[in-house]
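As the structure is a prediction and not an experimental result, all values here were calculated from the model. Labels below follow one simple rule: chain letters A, B, ... track the order of the sequence lines, proteins then strands, and each chain is numbered from 1. Atom set for the values below is all heavy atoms of this structure, side chains included, hydrogens, waters and symmetry mates excluded.
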There are 2 protein chains.
Amino acid sequence: MAKSAGEAKATLKPPGNQPKTARGEATRKAILSAAERVIGAKGYNDASIGHITSEAGVAQGTFYIYFSTKEQVFSELVLEMGRLVRHTIAEATQGVEDRLEAEKAGLTAFLEFVCAHPDLYRIVQEALFVDPHAYRVYYQTFAAGYQAGLEAAQEAGQISKGDAETRAWALMGIGRTLGEQLVVFKSDKPISEIVASGHDLIVNGIKP
Amino acid sequence: MAKSAGEAKATLKPPGNQPKTARGEATRKAILSAAERVIGAKGYNDASIGHITSEAGVAQGTFYIYFSTKEQVFSELVLEMGRLVRHTIAEATQGVEDRLEAEKAGLTAFLEFVCAHPDLYRIVQEALFVDPHAYRVYYQTFAAGYQAGLEAAQEAGQISKGDAETRAWALMGIGRTLGEQLVVFKSDKPISEIVASGHDLIVNGIKP
DNA sequence: ATGAAACATGAACCAGTATTCATGTATCAT
DNA sequence: ATGATACATGAATACTGGTTCATGTTTCAT
């Protein structure tokens with residue numbers, strides 16, 4: 001019942017137009033992927049529709065067959081980034097019983113991900129201005145999952161007691177900034193070293 | 001000698017025009033402060049010169065008496081933000097002998113600062129796209145200072161040994177994200193609590 | 001085959017806005 | 001007083017770039 005209504009008037013969003021053919025599907029993907037590269041490289045404002053479509057190898061008007069607005073393609077990228085990151089980390093920590101080990105695996109996976117997708121990484125930051133809602137969703141979803149994980153680990157006695165919400169944000173911040181050091185500031189330090197130092201900090205702190 | 005040359009051709013930057021009168025000084029400040037509010041609120045692109053000047057209570061042309069370009073006023077804001085933050089933290093940690101205590105004082109000062117200047121905080125993030133150079137300078141300067149402090153504390157045996165560079169970035173990330181939680185996500189958690197939890201994490205880690 | 005739906009094109013439209021400029025007005029040293 | 005310099009104005013300029021549209025072309029069910 002709730003489902004049938006959603007089709008006619010799109011309870012949540014009018015997504016431009018969804019392709020109905022394999023050809024359309026391919027074109028839409030081409031545009032989306034071009035947008036990722038172009039926006040990631042030049043930023044939202046300097047990335048014109050013309051740039052994006054020419055990178056995708058289609059005419060300018062084609063863009064508006066699949067996206068109703070420039071902002072929409074951006075939002076979609078942010079959403080996709082969120083799903084990808086969470087999926088990547090979930091996969092990497094799958095089956096790791098010890099939380100401290102899971103932290104290490106998660107941090108490693110995250111840093112590898114941002115190295116593989118430097119564009120997407122920058123895009124999320126710009127969302128704070130271009131699409132604040134997407135930005136909030138991105139971080140709040142991530143933080144909520146993180147917090148739940150920490151709380152479970154506390155119950156299990158795998159980590160010390162503490163304010164899981166603040167911890168979640170703080171740990172997220174560590175990953176974020178270390179990722180930025182890699183991608184934005186182009187550090188050549190190997191990921192394994194960064195993870196080792198970062199993880200030691202997370203586990204033991206800095207007290208003598 | 002070095003000075004006299006600097007005047008004619010500005011070795012470092014042509015700062016639009018520096019005012020030479022108290023009146024000019026005041027106008028320039030008014031524009032800069034209006035720019036902070038407007039850009040902070042609407043973002044760089046949606047903040048037009050018209051918005052800024054009308055907020056400042058001057059005509060549009062007046063802007064170009066003091067700034068040669070829209071980007072320049074932005075850069076100046078980022079630079080100012082950097083100086084302000086570093087100054088604020090330096091002041092707060094002044095004379096605190098123990099590094100662990102200094103961390104707490106610094107984190108508190110930082111969070112209080114971002115609460116007092118939410119606009120400036122957002123502006124720095126946007127610099128990644130609008131003025132990447134200013135962005136890099138901001139974080140690298142901050143990180144370098146942080147790292148030096150950590151290294152000194154290590155020598156003094158006040159904190160454990162570890163990769164000071166990575167630690168500096170990680171700790172910066174904690175402050176950054178906790179500040180964001182406050183300002184962007186409007187958490188109502190009192191700063192003292194956030195600091196307590198964050199500081200405990202920094203000092204002791206999360207191991208059981 | 002064939003008509004309709006989906007897809008594609010790129011030139012034209014148009015709104016917004018950064019920047020310039022010709023024309024004033026205030027301030028101050030002499 | 002008076003000329004010079006700093007400061008202020010706001011309309012005009014110039015250009016960018018998102019979006020639309022009239023016109024094709026491809027795909028596919030029947």
Side-chain angles (χ1 to χ4, degrees), chain A residues 7 13-39 41-77 126 129-131, chain B residues 7-8 10 13-39 41-77 126 129-131:
Chain A
E7 201 185 313
K13 47 175 172 180
N17 271 323
Q18 224 56 24
K20 328 206 155 176
T21 307
R23 180 162 69 128
E25 188 73 38
T27 306
R28 191 181 204 275
K29 278 216 178 95
I31 294 174
L32 204 57
S33 137
E36 176 182 331
R37 287 189 299 274
V38 176
I39 296 182
K42 314 172 82 101
Y44 181 77
N45 295 279
D46 290 348
S48 69
I49 304 292
H51 288 141
I52 293 171
T53 51
S54 91
E55 169 84 14
V58 299
Q60 212 159 320
T62 306
F63 180 92
Y64 290 91
I65 295 175
Y66 301 105
F67 303 95
S68 53
T69 194
K70 187 184 172 187
E71 245 186 82
Q72 196 210 329
V73 82
F74 183 85
S75 300
E76 218 150 297
L77 286 175
E126 202 165 15
F129 297 91
V130 177
D131 186 349
Chain B
E7 200 183 310
K13 48 177 170 178
N17 271 321
Q18 225 55 26
K20 327 204 156 174
T21 306
R23 179 161 72 127
E25 188 74 37
T27 305
R28 191 181 204 275
K29 277 215 179 96
I31 294 174
L32 204 58
S33 137
E36 176 183 332
R37 287 189 299 275
V38 176
I39 297 183
K42 314 172 80 102
Y44 180 77
N45 295 277
D46 291 348
S48 69
I49 304 293
H51 287 142
I52 293 171
T53 51
S54 91
E55 169 83 15
V58 300
Q60 213 159 318
T62 308
F63 180 91
Y64 290 91
I65 296 174
Y66 302 104
F67 304 94
S68 53
T69 194
K70 188 183 169 186
E71 244 185 82
Q72 196 210 329
V73 81
F74 183 85
S75 300
E76 215 149 299
L77 286 176
E126 202 166 14
F129 298 90
V130 178
D131 187 349

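Using a 4.0 Å heavy-atom criterion, one finds that A/Gly24 contacts the sugar-phosphate atoms exclusively. Using a 4.0 Å heavy-atom criterion, one finds that A/Ala47 contacts the sugar-phosphate atoms exclusively.
Nucleotide D/dT9 holds its P atom 8 Å from the CD1 atom of B/Ile65, rounded to whole Å. Between B/Ile49 atom CD1 and D/dA14 atom P there is a gap of 19 Å when expressed in whole angstrom units. For A/His51 and D/dG18, the NE2 to P distance is 9 Å, given to the nearest whole Å. Between B/Phe67 atom CZ and C/dA18 atom P the separation is 15 Å, expressed in whole Å. Distance OH (A/Tyr64) to C1' (D/dG17): 9 Å, rounded to an integer number of Å. Atom pair A/Asp46:CG and D/dG18:C1' shows a separation of 14 Å (rounding to whole Å applied). Rounding to whole angstrom units, NZ of residue A/Lys70 and C1' of D/dG17 are separated by 8 Å. Following rounding to the nearest Å, B/Asn17 (CG) and D/dT5 (P) show an atom-to-atom distance of 15 Å.
Looking at the side chain of A/Ala59, the nearest of the listed nucleotides D/dT19, C/dT19, C/dG10 is C/dG10.
Atom-to-atom distance recorded for A/Thr27:OG1 and A/Leu32:CG is 12.5 Å, nearest 0.5 angstrom.
Side-chain atoms of B/Ser33 and B/Arg37 include a donor-acceptor pair closer than 3.5 Å.
Under 4.0 angstrom from either OP1 or OP2 of D/dT9 there lies at least one side-chain N or O belonging to B/Thr62. Here A/Tyr66 reaches the OP1 or OP2 of C/dA8: one of its side-chain N or O atoms lies under 4.0 Å away. For the OP1/OP2 pair of C/dC7 and a distance below 4.0 Å, the side-chain nitrogens and oxygens of A/Thr21 include at least one atom meeting the criterion. A/Ser48 has no side-chain polar atom (N or O) that falls below the 4.0 Å cut-off from OP1 or OP2 of D/dT16.
No cation-pi contact links B/Lys29 to B/Tyr66, judged by a cut-off of 6.0 Å to the six-membered ring centre and 45° from its axis.
Toward the 5′ end of DNA chain D lies the nearest nucleotide of B/Lys20, the other residue of the pair B/Gln60 and B/Lys20 mapping further downstream. In terms of position on DNA chain C, the residue among B/Glu71 and B/Arg23 whose nearest nucleotide sits closer to the 5' end is B/Glu71.
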Show, in sequence, the C-alpha distance, side-chain angles and deciding distance for A/Asn45 and A/Glu126, and conclude whether the side-chain contact (heavy atoms from CB on, under 4.5 Å) test is met.
CA-CA 10 Å; A/Asn45 295 279; A/Glu126 202 165 15; 3.9 Å; yes
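Just one residue in the list A/Val38, A/Asp131, A/Val130, A/Leu77 forms a side chain to side chain contact (heavy atoms under 4.5 Å, CB included) with A/Tyr44, and that residue is A/Val130.
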